[in-house]
Chemist: 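Would you mind keeping the following structure in view while I ask a few things?
Positions are given from 1 along the sequence. Numbering of ligands and ligand atoms starts at 1, following listing order.
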Amino acid sequence: MCAGCPHRGLFYVLKRNKCTVLGDIGCYTLGAVQPLGAIEMTLCMGASIGAVHGFNKVLGKESESKTVAVIGDSTFMHSGMTGLANVAYNQSNSTVIILDNSITGMTGHQQNPTTGYNIKGDPAGKIDLEALCRAMGFNRVRVVDPYDLKQCDEAVKEELAAKEPSVIISRRPCALLKYVKHKAPLSVDTDKCIGCKSCMRIGCPAISIREGKAHIDKTLCVGCGVCSQLCPVGAFGSAEKEGA
Ligand code: SF4
Ligand code: SF4
C-alpha cells in the first residue's frame, strides 16, 4: 500500500486484535500481504459481508467476538449494500467495516455514489453512508479516523463486544487524491532510535532500516504519523521542524 494510505492503520489494529478479517475487492485487498497480513479471505465483490454473516450464523459467539468484514466505499456501493441489508434483516451479530477513502482507488480514482460526483466529475447525488446504514436498521454506526490507532482500537474492541450488529466507517480520503494536503515528512532521531523495527510492522514504503536504525524517505513520506504511534522511544519528529 502507498505511503500515507488510510487503510494501513486500520489493518494494523485488526491484526493486533487477532481478528478474522474477511476481505473484499479493492486496493485494500493488499492488506492481505506481509507485513500486515491482516486479511484471511477474499472471494468476489461484496462477498465479505455475506461471509461474515454466514460465519457468525454458523459459529455463533466464537466468531462474533473476532470476525469482521472489510469493504471499500466503492465496492460497498457496487455490491455490498445487499449483504448489509441481509445482516440487519436476518439479524446476525456482525461487525462490518467500510473503508471509506472517498474514491475508487484500485481502478484509477473513479468517482462513486458516495463522493457527490458522477464519472465525468460533474456534481451528482451523494449517498450518506451513516444515514444509509441507520436506514437499514443498524443502531450502532460509528466513524473513525484510520490515522488514529487508539481510536480505531477502541472502536474495533467495542463493536466486536457489542450484542448487536454494527458498522464502523473508517474514513479518510486516499492519500493520492489531488485535493488531499500532506503534512511535512517525518524524520527519525538516530540517537533515540533503538532499531526495534516496530515502525516497520505497518509496511510503509517510506521506512527502511539503515545501519540498524529506521530511516524515512522524505520524497515518499506524507507525514501521516501512523509509524510514530508505534515507536516505544519517541524517535520520530518532523523533518520540517528539524530543517532536514
Ligand atoms: S508518517 Fe510514517 S507511516 Fe506515514 S507516510 Fe511517513 S513514514 Fe509512512
Ligand atoms: S519504532 Fe522507533 S525505535 Fe523502533 S526502529 Fe522505528 S524509529 Fe527506531
Side-chain angles (χ1 to χ4, degrees), residues 1-19 21 23 26-39 70 72-73 97 99-106 108-109 143-156 168-244:
M1 289 189 280
C2 309
C5 173
H7 305 319
R8 179 174 283 110
L10 200 275
F11 279 127
Y12 176 78
V13 165
L14 294 175
K15 177 80 172 182
R16 197 170 57 184
N17 279 284
K18 297 186 169 55
C19 293
V21 180
C27 56
Y28 53 90
T29 314
L30 291 169
V33 299
Q34 298 300 332
L36 289 164
I39 295 178
V70 294
D73 53 329
I97 302 175
L99 302 169
D100 179 9
N101 66 351
S102 309
I103 203 71
T104 311
M106 181 176 69
H109 279 186
V143 179
V144 296
D145 178 357
Y147 279 0
D148 186 334
L149 297 183
K150 186 167 177 286
Q151 187 187 58
C152 291
D153 190 62
E154 284 171 2
V156 166
I168 300 171
I169 300 170
S170 174
R171 177 170 289 144
R172 186 170 272 274
C174 171
L176 300 184
L177 283 167
K178 283 181 185 158
Y179 70 79
V180 171
K181 289 195 167 51
H182 296 153
K183 290 186 179 170
L186 300 193
S187 66
V188 174
D189 182 337
T190 49
D191 290 335
K192 285 186 183 171
C193 176
I194 55 174
C196 68
K197 300 183 182 173
S198 295
C199 55
M200 300 286 288
R201 289 184 199 150
I202 51 171
C204 177
I207 311 175
S208 58
I209 296 289
R210 286 190 187 175
E211 296 174 359
K213 309 274 185 175
H215 172 80
I216 294 184
D217 182 338
K218 295 176 183 57
T219 64
L220 290 177
C221 176
V222 300
C224 75
V226 172
C227 56
S228 65
Q229 295 169 57
L230 303 177
C231 181
V233 295
F236 286 89
S238 167
E240 201 168 65
K241 275 187 198 160
E242 292 167 17

Chemist: Are S170 and P146 close enough that some pair of their side-chain heavy atoms sits under 4.5 Å apart?
Modeler: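 Sidechains of P146 and S170: in contact.
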
Chemist: Would you mind running through ligand 2 and noting each atom that sits below 4.0 Å from a heavy atom of F236?
Modeler: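 Those qualifying, in numeric order: 7 (S).
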
Chemist: Under 3.5 Å, is there a donor-acceptor pair between the side chain of Y12 and the main chain of L36?
Modeler: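 It does not hold such a pair.
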
Chemist: Answer yes or no: is there a donor N or O on one side and an acceptor on the other, between the side chain of H182 and the main chain of A175, under 3.5 Å?
Modeler: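 Yes, the answer is positive, given that a donor and an acceptor are paired below the 3.5 Å cut-off.
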
Chemist: Considering only heavy atoms from C-beta outward, does the side chain of S238 approach that of S187 to under 4.5 Å?
Modeler: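 Counting from C-beta outward, S238 and S187 never come under 4.5 Å.
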
Chemist: Hey, which atoms in ligand 2 end up nearer than 4.0 Å to a heavy atom of V233?
Modeler: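 Once the distances to V233 are compared, the set is 3 (S).
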
Chemist: Give a yes or no answer on whether the side chain of Q151 reaches the backbone of V144 with a donor-acceptor pair at less than 3.5 Å.
Modeler: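 No: the side chain of Q151 does not pair with the backbone of V144.
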
Chemist: May I ask you to identify the nearest protein heavy atom to atom 3 (S) of ligand 2, giving residue, atom name and distance to one decimal place in Å?
Modeler: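 Answer for atom 3 (S) of ligand 2: I194 N, 3.4 Å.
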
Chemist: Only heavy atoms of C204, strictly under 4.0 Å: list the atoms of ligand 1 that pass.
Modeler: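 Answer, ordered by atom number: 3 (S), 5 (S), 7 (S), 8 (Fe).
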
Chemist: How far is atom 2 (Fe) of ligand 2 from its nearest protein heavy atom, and which residue and atom is that?
Modeler: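 In this structure, atom 2 (Fe) of ligand 2 has C231 SG, 2.4 Å as its nearest protein heavy atom.
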
Chemist: To which protein heavy atom is atom 6 (Fe) of ligand 1 closest, and what is the distance rounded to 0.1 Å?
Modeler: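 The closest one turns out to be C221 SG, 2.3 Å.
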
Chemist: Please identify which atoms of ligand 2 are closer than 4.0 Å to at least one heavy atom of K197.
Modeler: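 Per the distance check, 4 (Fe), 5 (S).
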
Chemist: Can we say D145 and R171 salt-bridge, meaning some charged N sits less than 4.0 Å from an Asp/Glu carboxylate O?
Modeler: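 No, D145 and R171 are not salt-bridged.
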
Chemist: Below 4.0 angstrom from a heavy atom of C193, which ligand 2 atoms are there? Numbered from 1 as shown, please.
Modeler: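 Once the distances to C193 are compared, the set is 3 (S), 5 (S), 7 (S), 8 (Fe).
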
Chemist: Counting distance only, does the side-chain N/O of K213 pair as donor-acceptor with the main-chain N or O of T190 below 3.5 Å?
Modeler: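 Such a contact is found between K213 side chain and T190 backbone.
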
Chemist: Against heavy atoms of G4, which atoms of ligand 1 measure under 4.0 Å?
Modeler: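 Close to G4: 5 (S).
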
Chemist: Using atom types as modelled and distance alone, determine if a side-chain donor or acceptor of K218 lies under 3.5 Å from a backbone N or O of P185.
Modeler: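 Checked: no pair found.
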
Chemist: Quick one: look up the protein heavy atom nearest atom 1 (S) of ligand 1 and list residue, atom name and how far away it is.
Modeler: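 For this ligand atom, the closest protein heavy atom is G225 N, 3.2 Å.
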
Chemist: In terms of residue, atom name and distance, what is the protein heavy atom nearest to atom 4 (Fe) of ligand 1?
Modeler: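 Here the nearest protein heavy atom works out to C224 SG, 2.3 Å.
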
Chemist: Is it the case that the side chain of R8 and the backbone of M1 share a donor-acceptor pair, with hydrogens and angles ignored and the cut-off at 3.5 Å?
Modeler: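 Yes, R8 side chain to M1 backbone: donor-acceptor pair under 3.5 Å.
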
Chemist: Short check: any N/O/S atom of C196 below 2.8 Å from atom 4 (Fe) of ligand 2?
Modeler: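 Of the N, O and S atoms in C196, at least one lies under 2.8 Å from atom 4 (Fe) of ligand 2, which means yes.
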
Chemist: Report, in ascending order of atom number, the atoms of ligand 1 lying under 4.0 Å from any heavy atom of L186.
Modeler: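 By the 4.0 Å cutoff, the relevant atoms are 1 (S).
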
Chemist: Which of the numbered atoms in ligand 1 are below 4.0 angstrom from a heavy atom of I207?
Modeler: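 Per the distance check, 7 (S).
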
Chemist: Mark yes or no for whether D189, through its side chain, and D191, through its backbone, hold a donor-acceptor pair below 3.5 Å.
Modeler: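 Judged by distance alone, yes, a pair lies under 3.5 Å.
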
Chemist: From C227, does some N, O or S atom reach closer than 2.8 Å to atom 8 (Fe) of ligand 1?
Modeler: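 Short answer: no, not a single N, O or S atom is under the cut-off.
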
